[in-house]
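Atoms within a ligand are numbered from 1 in the order they appear, just like the ligands themselves.
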Amino acid sequence: MRLKTIDIGGLAAPNNVFLAPLAGYTNAVFREMCLRLGAGLTFTEMVSAKGLCYNSKNTEELLYITPSYGGIKAVQLFGGDPEFMERAACSEHIAPFDLIDINMGCPVPKIFNNGEGSALLADMPRAAALIRACKKSGKRVSVKFRTGLSAGKIVAADFAKMCEDSGADMITVHGRTRDKIYAGEVDFGAIAGAKAAVGIPVIANGGVFCDEDAERLMNETGADGVMVARGAMYAPWIFAELTGGGPPDRRALVLKQLEDTAALFGERFALVFMRKMAAFYTKGKKGSSALRERLFACDGLQKLRQMIEEAEF
Ligand SMILES: Cc1cc2nc3c(=O)[nH]c(=O)nc-3n(C[C@H](O)[C@H](O)[C@H](O)COP(=O)(O)O)c2cc1C
């Protein structure tokens with residue numbers, strides 16, 4: 001993969017391999033682990049602008065940043081109301097962040113039916129107002145969106161232009177339509193169309209699970225960088241592979257993730273979360289289905305540590 005720095009409205013991301021926002025996964029510990037493995041930029045899970053304005057307890061955890069996190073701090077917000085978006089973007093909760101990404105791709109009905117996430121693909125004036133609302137915070141703003149709602153309604157190039165005209169400093173295009181959710185081929189042509197339409201950095205997203213995938217996505221779209229989602233959820237060491245870092249000690253990484261997660265979010269959360277992550281990380285390895293069953297029956301952190309010690313990653 002061809003590495004380069006990305007200039008996001010004057011903020012320099014050290015490389016062009018980014019960790020995607022992943023609800024339920026990209027917590028503070030996971031983000032720092034990916035950053036240390038080589039990710040050029042990481043994002044929080046998506047955070048509701050409205051929830052943030054109402055100080056919901058859960059929001060605080062989503063926005064937490066480890067003190068040792070050394071990268072650009074990027075938060076992802078979702079919402080459909082420019083007034084709430086502006087209040088959220090200008091709030092003290094967002095003050096520690098350098099970059100606000102706006103979610104305009106989420107396909108989930110609860111979000112979509114609220115006029116948020118991918119619903120904005122069909123409402124460009126509102127999408128533009130949301131970008132301008134975030135820009136009032138004085139922070140860099142990026143937008144992550146899909147190519148369209150369905151195959152007959154590809155809007156990627158026009159939407160990209162709208163983002164740039166409204167003040168966005170970068171865009172990420174997930175090369176699938178809303179109705180495809182996370183499955184199916186990535187539409188290289190639609191991402192290429194978005195790239196050709198704007199001068200701001202364009203990051204391509206979808207289907208990157210190894211260096212070859214990243215290379216192909218870059219070549220076929222002309223994008224400036226790639227964003228990795230499920231590939232990182234199953235193998236965070238993909239960042240070392242894509243950025244040319246040496247192969248890390250995977251077991252040591254997973255054990256550290258376990259300890260850091262327990263210290264930050266408590267043992268109960270760490271047990272449930274890390275059982276799931278250990279199952280992801282070992283998928284496809286010898287004995288992984290038997291291990292998976294044992295993992296899900298595991299009822300204590302000490303036992304989980306032992307299983308990680310013995311597992312093949
Ligand atoms: C479990 C899960 C949670 C996700 N959460 C978010 C999110 O909070 N915000 C967002 O913009 N996209 C979210 N996505 C979409 C991913 O960021 C990404 O666009 C999508 O998975 C395609 O990339 P991939 O093919 O590399 O997985 C999520 C995807 C998955 C599978």
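- For the residue pair Arg2/Asn219, the side-chain donor-acceptor check at 3.5 Å is satisfied.
- Within the cation-pi definition used here (under 6.0 Å to the ring centroid, within 45° of the axis), Arg250 does not qualify as a partner of Tyr281.
- Partner Phe239 forms a side chain to side chain contact (heavy atoms under 4.5 Å, CB included) with one of Val228, Asn15, Leu35 and no other, that one being Val228.
- Some N or O of Gly207 is nearer than 3.5 Å to an N or O of ligand 1, by distance alone.
- Between Lys4 and Asp224, at least one side-chain N (NZ, or NE/NH1/NH2) sits under 4.0 Å from a carboxylate O, which counts as a salt bridge.
- Of the protein's heavy atoms, Tyr25 CE1, 3.8 Å lies nearest to atom 1 (C) of ligand 1.
- Protein heavy atom closest to atom 15 (C) of ligand 1, with residue, atom name and distance, is Tyr182 CE2, 3.4 Å.
- Note that OG of Ser142 and CG of Leu11 are 10.0 Å apart. Values are rounded to the nearest 0.5 Å.
- Scanning the protein heavy atoms around atom 22 (C) of ligand 1, the nearest turns out to be His174 NE2, 3.3 Å.
- Between Ser56 and Asn58, the side chains place no donor N or O within less than 3.5 Å of an acceptor N or O (distance only, hydrogens not considered).
- Protein heavy atom at the shortest distance from atom 9 (N) of ligand 1 is Gln76 OE1, 2.7 Å.
- Of the protein's non-hydrogen atoms, the one nearest atom 13 (C) of ligand 1 is Pro21 O, 3.2 Å.
- Listed by number with element, the atoms of ligand 1 under 4.0 Å from a non-hydrogen atom of Ala20 are 17 (O).
- Distance from atom 12 (N) of ligand 1 to its nearest protein heavy atom, with residue and atom name: Lys144 NZ, 3.0 Å.
- When the options Ala229, Gly231, Ala232 are ranked by their closest heavy atom to atom 21 (O) of ligand 1, first place goes to Ala229.
- Looking at Leu22 against ligand 1, both its backbone and its side chain come within 4.0 Å, counting heavy atoms.
- With respect to atom 5 (N) of ligand 1, the closest heavy atom belonging to the protein is Ala23 N, 2.8 Å.
- Distance CZ/Phe30 to CG/Asp260: 13.5 Å, rounded to 0.5 Å.
- At a 4.0 Å heavy-atom cut-off, ligand 1 touches Arg230 through backbone and side chain alike.
- Heavy-atom separations between Gly206 and ligand 1 include at least one value shorter than 4.0 Å.
- Using a 3.5 Å distance cut-off with no hydrogens or angles, the side chains of Gln306 and Glu310 do pair a donor with an acceptor.
- For Arg230, the CZ atom is densely surrounded, since the number of other residues' heavy atoms within 6.0 Å is greater than 12.
- Between Thr147 atom OG1 and His174 atom NE2 the span is 8.0 Å, to the nearest 0.5 Å.
- Below 4.0 Å from some heavy atom of Asn103 lie the following atoms of ligand 1, by number and element: 9 (N), 10 (C), 11 (O).
- In this structure, atom 19 (O) of ligand 1 lies nearest to the protein heavy atom Asn205 OD1, 2.6 Å.
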